[in-house]
Amino acid sequence: MREEIIEKEATLKDEVHITYYFSILFTILGTLSILLLLFYKMDSLSLFTVLLSISAGGLPFGVIGAFIDYKISEFKVKSSKII
């Protein structure tokens with residue numbers, strides 16, 4: 001019985017197709033929010049400022065978006081198997 005559950009979970013992970021819509025959205029929103037914050041704190045924007053905004057806000061928020069994308073895709077696969 002336990003082996004069947006493990007096989008079902010492995011099959012489920014193989015069938016999950018992540019779209020990354022939320023990842024892109026969260027990365028853009030995180031980058032823009034940090035850019036806006038830095039824009040008011042600094043006199044001018046430079047390449048360092050842009051890279052800092054991507055690494056400080058865009059990437060962490062993008063990881064959260066990727067997690068949301070994975071859970072939504074996993075839910076879609078589970079719900080399609082029930083029907």
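Numbers here simply count residues along the sequence, with the first being 1.
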Checklist line | Test item: Ile72 and Phe22 side chains (from C-beta on) under 4.5 Å apart, heavy atoms | finding: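 SC-SC contact between Ile72 and Phe22 confirmed.
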
Would you be so kind as to tabulate the donor-acceptor pairs closer than 3.5 Å made by side chains of residues 59-68, with sequence neighbours excluded?
none

Which pairs would a plain distance check flag for residues 25-32, meaning a side-chain donor or acceptor within less than 3.5 Å of a matching protein atom at least two apart in sequence or in another chain?
from  : atom 1 : to    : atom 2 : distance (Å)
Thr27 : OG1    : Ser23 : O      : 2.6
Thr31 : OG1    : Thr27 : O      : 2.8

Check: Sequence neighbours excluded, which residues qualify as side chain to side chain contact (heavy atoms under 4.5 Å, CB included) partners of Leu51?
Finding: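 So Leu51 forms a side chain to side chain contact (heavy atoms under 4.5 Å, CB included) with Leu47.
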
